[in-house]
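Take a look at the structure set out below.
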Amino acid sequence: MTISPEDLTALAVTLKLAGVATGILLLIGTPLAWWLAKSRWRFKFLLEAVVALPLVLPPTVLGFYLLVMLGPHGPVGGMIQTLGGEPLAFSFGGLVVGSVFYSLPFVVQPLQNAFTQIGHAPLEAAATLGASPLDRFFTVAVPLARPGFLTAGVLGFAHTVGEFGVVLMIGGNIPGETQVLSIAIYDHVEALEYGQAHLLSGGLLLLSFLLLLTVYALNRRFSMVQP
């Protein structure tokens with residue numbers, strides 16, 4: 001049994017989506033996690049609850065509201081259409097937006113924990129040597145938080161690869177554009193093509209296991225290097 005061209009296309013869309021979403025998540029998640037780790041704002045818990053919301057919210061609920069927001073009659077989709085653009089609903093761009101929202105806690109929380117564990121002493125020592133806040137962040141905080149970045153990147157990528165509810169609601173099932181691997185598996189099951197579904201599911205299972213294995217092995221190495 002071999003993977004069909006349609007499934008290979010779905011795999012390519014899935015990997016492209018996971019790569020783009022993970023890059024965006026690291027870009028916006030890093031400053032957000034840094035602020036959450038260092039801020040003493042009394043209402044910080046409100047933002048932490050918003051970030052963690054996708055962990056407990058059914059994906060279809062999040063996908064539905066994103067569809068309403070990004071659709072042609074929604075506030076964001078309508079504004080884009082007024083400016084001459086195309087609404088993001090049922091497009092690859094919409095999938096990226098949905099994936100960023102849904103995978104946000106899987107990137108922010110490991111980074112926040114890593115920044116918190118650094119403590120104040122290394123940063124204060126760098127400050128006494130004349131390092132600016134930006135220097136302290138890039139030359140002290142980021143290297144010490146490498147395990148957190150690794151965990152955040154892998155979890156964000158793996159979680160995006162396995163999405164189903166959000167991508168189905170916001171992207172539909174358009175082959176070559178918004179059909180990802182999890183939806184292709186669902187289609188095979190509906191068509192009673194269990195062999196193809198098993199082949200794709202087994203591949204995703206193996207990929208997820210290898211990603212987690214890499215994270216735990218590298219984190220163990222980092223912990224041995226950094227006593």
Side-chain angles (χ1 to χ4, degrees), residues 1-29 54-55 58-64 66-67 69-72 77 80 85-107 110 149-218:
M1 182 177 298
T2 58
I3 300 179
S4 66
E6 291 78 13
D7 290 340
L8 285 176
T9 302
L11 174 62
V13 173
T14 303
L15 295 178
K16 180 183 175 184
L17 173 64
V20 172
T22 303
I24 295 174
L25 282 165
L26 288 173
L27 281 178
I28 65 174
L55 293 174
T60 49
V61 174
L62 179 60
F64 170 71
L66 284 172
L67 179 62
M69 185 175 67
L70 300 178
I80 293 174
E86 292 291 332
L88 292 174
F90 306 112
S91 71
F92 184 79
L95 287 187
V96 172
V97 173
S99 299
V100 168
F101 272 104
Y102 191 51
S103 297
L104 190 62
F106 292 86
V107 171
F149 277 100
L150 176 64
T151 303
V154 171
L155 287 182
F157 186 90
H159 191 252
T160 304
V161 167
E163 281 183 32
F164 178 75
V166 171
V167 294
L168 183 61
M169 293 292 285
I170 190 67
N173 189 6
I174 305 173
E177 187 171 351
T178 64
Q179 187 188 60
V180 295
L181 212 51
S182 57
I183 297 177
I185 293 172
Y186 179 74
D187 287 345
H188 285 308
V189 172
E190 273 202 319
L192 301 180
E193 298 168 350
Y194 291 128
Q196 290 291 337
H198 175 67
L199 186 63
L200 299 181
S201 300
L204 279 183
L205 177 64
L206 181 62
L207 174 64
S208 301
F209 178 72
L210 291 177
L211 287 173
L212 289 177
L213 195 65
T214 303
V215 169
Y216 282 113
L218 291 178

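None of these values were measured; they are calculated from a predicted model. Residue numbers run from 1 in the order of the sequence given. These numbers come from the heavy atoms of this one structure, side chains and all, not from hydrogens, waters or symmetry mates.
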Legend entry - Nearest heavy-atom neighbours spanning G156 and T22: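 Heavy-atom minimum between the residues: C-OG1, 3.8 Å.
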Is there side-chain contact between [X] and [Y], with at least one heavy-atom pair below 4.5 Å?
X    : Y    : value
L192 : Y194 : yes
L26  : V107 : yes
V97  : F101 : yes

Inset, instruction - May I ask you to decide if the ring planes of Y102 and H159 are parallel, tilted or perpendicular, using 30° and 60° as cut-offs? - result: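 Ring orientation of Y102 relative to H159: tilted.
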Inset, instruction - Assess whether atom CZ of F149 is packed by more than 12 heavy atoms of other residues, nucleotides or ligands within 6.0 Å. - result: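 Yes, because the 6.0 Å sphere around CZ of F149 holds more than 12 heavy atoms from other groups.
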Inset, instruction - For side-chain contact (heavy atoms from CB on, under 4.5 Å), just list the numbers for S91 and E86, CA-CA rounded to whole Å, side-chain angles, deciding distance to a tenth of an Å, and then say yes or no. - result: CA-CA 9 Å; S91 71; E86 292 291 332; over 6 Å; no
Inset, instruction - With rounding to the nearest 0.5 Å, note down the distance linking CG in L204 to OG1 in T14. - result: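 Those atoms lie 7.5 Å apart.
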Legend entry - Gap between atom OG of S201 and atom OH of Y186 - 0.5 Å precision: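 The distance works out to 14.0 Å.
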Legend entry - Verdict with reasoning, D187 to Q179, per side-chain contact (heavy atoms from CB on, under 4.5 Å): CA-CA 10 Å; D187 287 345; Q179 187 188 60; 3.1 Å; yes
Legend entry - Donor + acceptor pair across side chains of S103, T160 (<3.5 Å):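 Looking only at side-chain atoms, T160 and S103 do form a donor-acceptor pair, the distance falling under 3.5 Å.
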Inset, instruction - Using the side-chain contact (heavy atoms from CB on, under 4.5 Å) rule, take V180 and E163 through it: C-alpha gap first, then chi angles, then the decisive distance, then the call. - result: CA-CA 9 Å; V180 295; E163 281 183 32; over 6 Å; no
